[in-house]
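For reference, the structure discussed in these notes is given below.
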Amino acid sequence: MQKTIIALATVFALGSTAAMAQEQQAQDPMAQQQQQQTQEITEGMLVKFATAMENVQGVTEKYRDQFQEAENQEEAREIQQSAQEEMIAAVEDAGLTPQEYNMIIQQAQNDEELRGRLEELTGDDNS
(Lines give C-alpha, C1' and ligand atoms only; values in the text may rest on other atoms or scores of the structure.)
Protein backbone atom coordinates (compact mmCIF):
# COMPACT_ATOMS: atom_id res chain seq x y z
CA MET A 1 0.00 0.00 0.00
CA GLN A 2 2.80 2.42 0.88
CA LYS A 3 4.43 1.63 -2.49
CA THR A 4 1.32 2.85 -4.32
CA ILE A 5 1.06 6.00 -2.22
CA ILE A 6 4.72 6.82 -2.80
CA ALA A 7 4.38 6.16 -6.52
CA LEU A 8 1.28 8.34 -6.71
CA ALA A 9 2.94 11.15 -4.81
CA THR A 10 6.03 10.98 -7.04
CA VAL A 11 3.99 11.03 -10.20
CA PHE A 12 1.86 13.87 -8.88
CA ALA A 13 4.92 15.91 -7.93
CA LEU A 14 6.54 15.44 -11.33
CA GLY A 15 3.42 16.07 -13.37
CA SER A 16 1.64 18.72 -11.38
CA THR A 17 3.60 21.72 -12.63
CA ALA A 18 2.76 21.15 -16.27
CA ALA A 19 -0.80 20.12 -15.47
CA MET A 20 -1.35 23.22 -13.38
CA ALA A 21 -0.06 25.41 -16.19
CA GLN A 22 -2.59 23.84 -18.53
CA GLU A 23 -5.36 24.30 -15.96
CA GLN A 24 -4.63 27.99 -15.62
CA GLN A 25 -4.77 28.42 -19.38
CA ALA A 26 -8.01 26.45 -19.64
CA GLN A 27 -10.06 28.19 -16.95
CA ASP A 28 -10.08 30.01 -13.64
CA PRO A 29 -8.06 28.00 -11.05
CA MET A 30 -10.75 28.37 -8.35
CA ALA A 31 -13.44 27.00 -10.63
CA GLN A 32 -11.12 24.10 -11.54
CA GLN A 33 -10.46 23.35 -7.86
CA GLN A 34 -14.19 23.30 -7.08
CA GLN A 35 -14.82 20.99 -10.04
CA GLN A 36 -12.10 18.60 -8.83
CA GLN A 37 -13.59 18.44 -5.35
CA THR A 38 -17.08 17.58 -6.58
CA GLN A 39 -16.44 15.35 -9.59
CA GLU A 40 -17.39 11.72 -9.02
CA ILE A 41 -14.76 9.15 -9.86
CA THR A 42 -16.27 6.40 -11.99
CA GLU A 43 -15.06 2.83 -12.39
CA GLY A 44 -14.11 3.67 -15.97
CA MET A 45 -11.95 6.54 -14.76
CA LEU A 46 -10.21 4.20 -12.31
CA VAL A 47 -9.42 1.71 -15.08
CA LYS A 48 -8.05 4.53 -17.24
CA PHE A 49 -6.10 5.82 -14.24
CA ALA A 50 -4.47 2.43 -13.68
CA THR A 51 -3.31 2.40 -17.31
CA ALA A 52 -2.14 6.00 -17.10
CA MET A 53 -0.26 5.38 -13.86
CA GLU A 54 1.59 2.44 -15.37
CA ASN A 55 2.54 4.54 -18.39
CA VAL A 56 3.59 7.51 -16.26
CA GLN A 57 5.75 5.27 -14.09
CA GLY A 58 7.45 4.08 -17.29
CA VAL A 59 8.19 7.68 -18.23
CA THR A 60 9.51 8.34 -14.72
CA GLU A 61 11.85 5.36 -14.95
CA LYS A 62 12.97 6.43 -18.42
CA TYR A 63 14.05 9.88 -17.21
CA ARG A 64 15.19 9.08 -13.64
CA ASP A 65 18.83 8.36 -14.49
CA GLN A 66 19.05 11.22 -16.98
CA PHE A 67 17.73 13.62 -14.38
CA GLN A 68 20.12 12.41 -11.68
CA GLU A 69 23.06 12.65 -14.08
CA ALA A 70 22.23 16.15 -15.29
CA GLU A 71 25.35 18.30 -15.28
CA ASN A 72 23.59 21.54 -14.31
CA GLN A 73 20.23 22.97 -13.34
CA GLU A 74 19.36 24.02 -16.88
CA GLU A 75 19.88 20.49 -18.17
CA ALA A 76 17.85 19.13 -15.25
CA ARG A 77 15.00 21.54 -16.06
CA GLU A 78 15.02 20.49 -19.71
CA ILE A 79 14.91 16.81 -18.74
CA GLN A 80 12.09 17.48 -16.29
CA GLN A 81 10.15 19.42 -18.93
CA SER A 82 10.51 16.55 -21.43
CA ALA A 83 9.39 14.06 -18.78
CA GLN A 84 6.37 16.18 -17.85
CA GLU A 85 5.32 16.49 -21.49
CA GLU A 86 5.55 12.72 -21.93
CA MET A 87 3.64 12.14 -18.67
CA ILE A 88 0.83 14.41 -19.83
CA ALA A 89 0.71 12.58 -23.16
CA ALA A 90 0.65 9.22 -21.33
CA VAL A 91 -2.28 10.36 -19.19
CA GLU A 92 -4.17 11.72 -22.19
CA ASP A 93 -3.46 8.56 -24.22
CA ALA A 94 -5.08 6.55 -21.42
CA GLY A 95 -8.24 8.67 -21.80
CA LEU A 96 -7.94 11.09 -18.85
CA THR A 97 -7.12 14.75 -18.62
CA PRO A 98 -4.18 15.74 -16.40
CA GLN A 99 -6.75 17.38 -14.11
CA GLU A 100 -8.72 14.14 -13.73
CA TYR A 101 -5.52 12.18 -13.10
CA ASN A 102 -4.36 14.61 -10.41
CA MET A 103 -7.84 14.67 -8.84
CA ILE A 104 -7.80 10.88 -8.49
CA ILE A 105 -4.34 11.02 -6.88
CA GLN A 106 -5.44 13.68 -4.43
CA GLN A 107 -8.58 11.78 -3.47
CA ALA A 108 -6.71 8.48 -3.14
CA GLN A 109 -4.34 10.05 -0.64
CA ASN A 110 -7.29 10.76 1.67
CA ASP A 111 -9.73 7.95 0.81
CA GLU A 112 -8.74 4.49 2.03
CA GLU A 113 -11.47 2.75 0.01
CA LEU A 114 -10.41 4.46 -3.22
CA ARG A 115 -6.76 3.69 -2.49
CA GLY A 116 -7.68 0.02 -1.99
CA ARG A 117 -9.56 -0.08 -5.28
CA LEU A 118 -6.59 1.44 -7.10
CA GLU A 119 -4.30 -1.14 -5.54
CA GLU A 120 -6.59 -3.89 -6.85
CA LEU A 121 -6.49 -2.40 -10.34
CA THR A 122 -2.72 -1.88 -10.36
CA GLY A 123 -1.94 -5.22 -8.77
CA ASP A 124 -0.10 -3.53 -5.89
CA ASP A 125 -1.36 -5.46 -2.90
CA ASN A 126 1.87 -5.24 -0.92
CA SER A 127 1.26 -3.55 2.41
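We count residues from 1, following the sequence as given. When reading the values below, keep in mind they use all heavy atoms of this one structure, side chains included, and skip hydrogens, waters and symmetry mates.
Atom CD of Glu71 sits in a sparse spot, with 12 or fewer heavy atoms from other residues, nucleotides or ligands closer than 6.0 Å.
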Just distance, no hydrogens or angles: give the donor-acceptor pairs under 3.5 Å from side chains in residues 47-55, sequence neighbours left out.
{"residue": "Thr51", "atom": "OG1", "partner": "Val47", "partner atom": "O", "Å": "3.4"}
{"residue": "Asn55", "atom": "ND2", "partner": "Thr51", "partner atom": "O", "Å": "3.4"}

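Among the candidates Gln81, Gln80, Glu74, the single residue satisfying the side chain to side chain donor-acceptor pair (under 3.5 Å) test with Arg77 is Glu74.
Listed here is the closest heavy atom pair of Ile88 and Pro98: CG2-CG, 3.8 Å. Shown here for Arg115 and Asn110, the closest heavy-atom pair between the two residues is NH1-N, 4.1 Å. Across every non-hydrogen atom of Ala90 and Val56, the tightest pair is CB-CG2, 4.2 Å.
When the side chain to side chain contact (heavy atoms under 4.5 Å, CB included) test is applied to Glu113, the partners found at least two apart in sequence or on another chain are Asp111. In this structure, the side chain to side chain contact (heavy atoms under 4.5 Å, CB included) partners of Thr97, at least two apart in sequence or on a different chain, are Gln99, Glu100. By the salt bridge (charged side-chain N to carboxylate O under 4.0 Å, His left out) test, Glu69 is found to be paired with no residue, residues two or more places apart in sequence or in another chain being considered. Applying the salt bridge (charged side-chain N to carboxylate O under 4.0 Å, His left out) criterion to Glu120, with sequence neighbours excluded, gives Arg117. The side chain to side chain contact (heavy atoms under 4.5 Å, CB included) check on Asp93 picks up nothing, with sequence neighbours excluded. Residues forming a side-chain hydrogen bond (donor to acceptor under 3.5 Å, both in side chains) with Gln73 (at least two apart in sequence, or on another chain): none. Ala70 meets the side chain to side chain contact (heavy atoms under 4.5 Å, CB included) test with Glu75, Ala76, Ile79; sequence neighbours excluded. By the salt bridge (charged side-chain N to carboxylate O under 4.0 Å, His left out) test, Glu61 is found to be paired with no residue, residues two or more places apart in sequence or in another chain being considered.
Put simply, the side chain of Tyr63 reaches to within 4.5 Å of the side chain of Gln66, judged on heavy atoms. By the 4.5 Å heavy-atom criterion applied to side chains, Tyr101 and Met87 are not counted as neighbours.
How far OG1 of Thr42 is from CD1 of Ile104: 7.5 Å, rounded to the nearest 0.5 Å.
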